[in-house]
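Values reported hereafter were calculated over all heavy atoms of this structure, with side chains retained and with hydrogens, waters and symmetry mates removed.
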Amino acid sequence: MQDIAILFEDNHLLGIVKPVNIPTQADASGDEDLLNLLKEDLRQRYAKPGNVYLGLVHRLDRPVGGAMIFAKTSKAASRLSDAVRTRKLEKTYLAVVRGKPAHPEGRLKDMLLKDERTNTVSIVPTGRVGGKEAILDFRVVGYDAEQNLSLVRVKLLTGRSHQIRVQLSGIGCPLYGDQKYGAGLNTPGEQLALWSVYVGFPHPVSKTPVDLISLPPRVFPWSLWEERICRQAAEDSVAGGNE
């Protein structure tokens, strides 16, 4: 199994750093997926016979890396699912986008419609059948004029498919490396620059706060900014920095 960093683990939860370019769960590609890799790791580490339970609470797109939480018991899975539904499970991302948003911070509210056939999402008018409301808060935390790239902190208030990628593209700032929603500006082979830097929630059993932080790798384009800037953006989430 490839090296997967563990951020938090107890009898109820497993928090890890998802590697990029691996599906969260099994899909049509047939490639090895994170959920089954983690189950096998638990089976081996704890010498568990038979199937291992591991509940998938939230997902990250295949090219996205960073902090994720899984449930090791059905009770924890149920309670974490409730936390997602009631927005008590908070998720913050860092994204590198082309250009610079017109405003240094703000809230984006759109109606998104997913085309299952093409696995693409588009912004549609309010009232469109099948459209779902998508809300996020963003803040520009860095800008590199030479590359014309911005480092943007994003707090998700809803969890729609491809939400960050579609909504930031919708304001004219597609993510670096995003071939699906920024093909005209990105070059094939570039790694999508979206990272889950923070996942926070009350522990499903003890109710104490659990804060998972994962910083993006020190490779281009992340390396355009000092690590302290990325860390501050993540730590601001613990303090409710986008509220």
Side-chain angles (χ1 to χ4, degrees), residues 17-24 27-29 31 33-34 58-68 91-103 105-124 132 134-198 214-225 229-230 233-234:
V17 178
K18 177 189 177 294
V20 298
N21 300 328
I22 179 173
T24 299
D27 60 17
S29 71
D31 296 340
D33 64 279
L34 183 61
H58 64 115
R59 294 168 175 78
L60 293 178
D61 290 351
R62 182 174 183 140
V64 182
M68 280 192 78
K91 294 178 285 186
T92 302
Y93 296 76
L94 280 174
V96 179
V97 304
R98 298 284 183 180
K100 194 175 188 180
H103 303 284
E105 61 184 296
R107 172 166 291 186
L108 302 180
K109 299 177 78 171
D110 296 291
M111 297 300 292
L112 302 186
L113 180 66
K114 183 172 184 178
D115 185 332
E116 298 290 350
R117 182 179 55 83
T118 60
N119 191 32
T120 56
V121 177
S122 56
I123 297 175
V124 297
K132 295 182 178 180
I135 307 172
L136 63 78
D137 289 336
F138 74 89
R139 177 180 297 160
V140 178
V141 295
Y143 176 67
D144 186 282
E146 182 178 344
Q147 298 288 337
N148 193 25
L149 295 174
S150 296
L151 182 65
V152 180
R153 175 180 177 262
V154 177
K155 179 176 180 180
L156 279 183
L157 300 180
T158 56
R160 308 304 181 196
S161 181
H162 298 181
Q163 177 177 342
I164 296 173
R165 299 162 65 181
V166 175
Q167 289 193 277
L168 290 179
S169 180
I171 62 169
C173 296
L175 270 63
Y176 174 92
D178 195 344
Q179 304 304 318
K180 189 166 285 191
Y181 302 106
L185 294 173
N186 291 309
T187 303
E190 293 173 340
Q191 176 63 49
L192 180 75
L194 180 60
W195 197 265
S196 170
V197 293
Y198 173 76
S214 171
L215 301 185
R218 302 305 297 158
V219 298
F220 188 87
W222 303 110
S223 55
L224 291 171
W225 296 276
I229 295 176
C230 296

Restricting to non-hydrogen atoms, name the atom on [X] and the atom on [Y] that form the minimum distance, rounded to 0.1 Å.
X      : Y      : value
Pro19  : Ile22  : O-CG2, 3.1 Å
Phe138 : Val152 : CB-CG1, 3.9 Å
Ala67  : Leu60  : O-CD1, 4.0 Å
Ile171 : Pro101 : CD1-CB, 4.2 Å
Gln167 : Ala134 : NE2-O, 3.3 Å
Trp222 : Leu94  : CH2-O, 3.3 Å

Check ion pair Arg62-Asp31 (N to O, under 4.0 angstrom): yes

Check ion pair Asp178-Lys180 (N to O, under 4.0 angstrom): no

Stepwise side-chain contact (heavy atoms from CB on, under 4.5 Å) check, Arg98 with Tyr176: CA-CA 6 Å; Arg98 298 284 183 180; Tyr176 174 92; 3.5 Å; yes

Is any side-chain heavy atom of [X] closer than 4.5 Å to a side-chain heavy atom of [Y]?
X      : Y      : answer
Asn119 : Lys114 : yes
Arg107 : Ile135 : yes
Val197 : Pro216 : yes
Arg165 : Val121 : no
Trp195 : Val96  : no
Leu194 : Asp61  : no
Leu151 : Leu224 : no
Leu192 : Leu175 : yes

Spell out, as yes or no, whether a donor-acceptor pair under 3.5 Å connects the side chain of [X] to the backbone of [Y].
X      : Y      : answer
Asp27  : Ser29  : yes
Gln179 : Thr187 : yes
Ser150 : Gly99  : yes

Just how far is it from atom [atom1] of [X] to atom [atom2] of [Y], taken to the nearest 0.5 Å?
X      : Y      : atom1 : atom2 : result
Thr92  : Arg153 : OG1   : CZ    : 5.0 Å
Glu116 : Ser161 : CD    : OG    : 7.5 Å
Tyr143 : Asn148 : OH    : CG    : 3.5 Å
Lys132 : Met111 : NZ    : CE    : 10.0 Å
Phe220 : Glu190 : CZ    : CD    : 8.0 Å
Arg59  : Thr24  : CZ    : OG1   : 7.5 Å

side-chain contact (heavy atoms from CB on, under 4.5 Å) between Val219 and Gln191, intermediate numbers included: CA-CA 10 Å; Val219 298; Gln191 176 63 49; over 6 Å; no

From CA spacing to verdict: side-chain contact (heavy atoms from CB on, under 4.5 Å), Val64, Ile164: CA-CA 11 Å; Val64 182; Ile164 296 173; over 6 Å; no

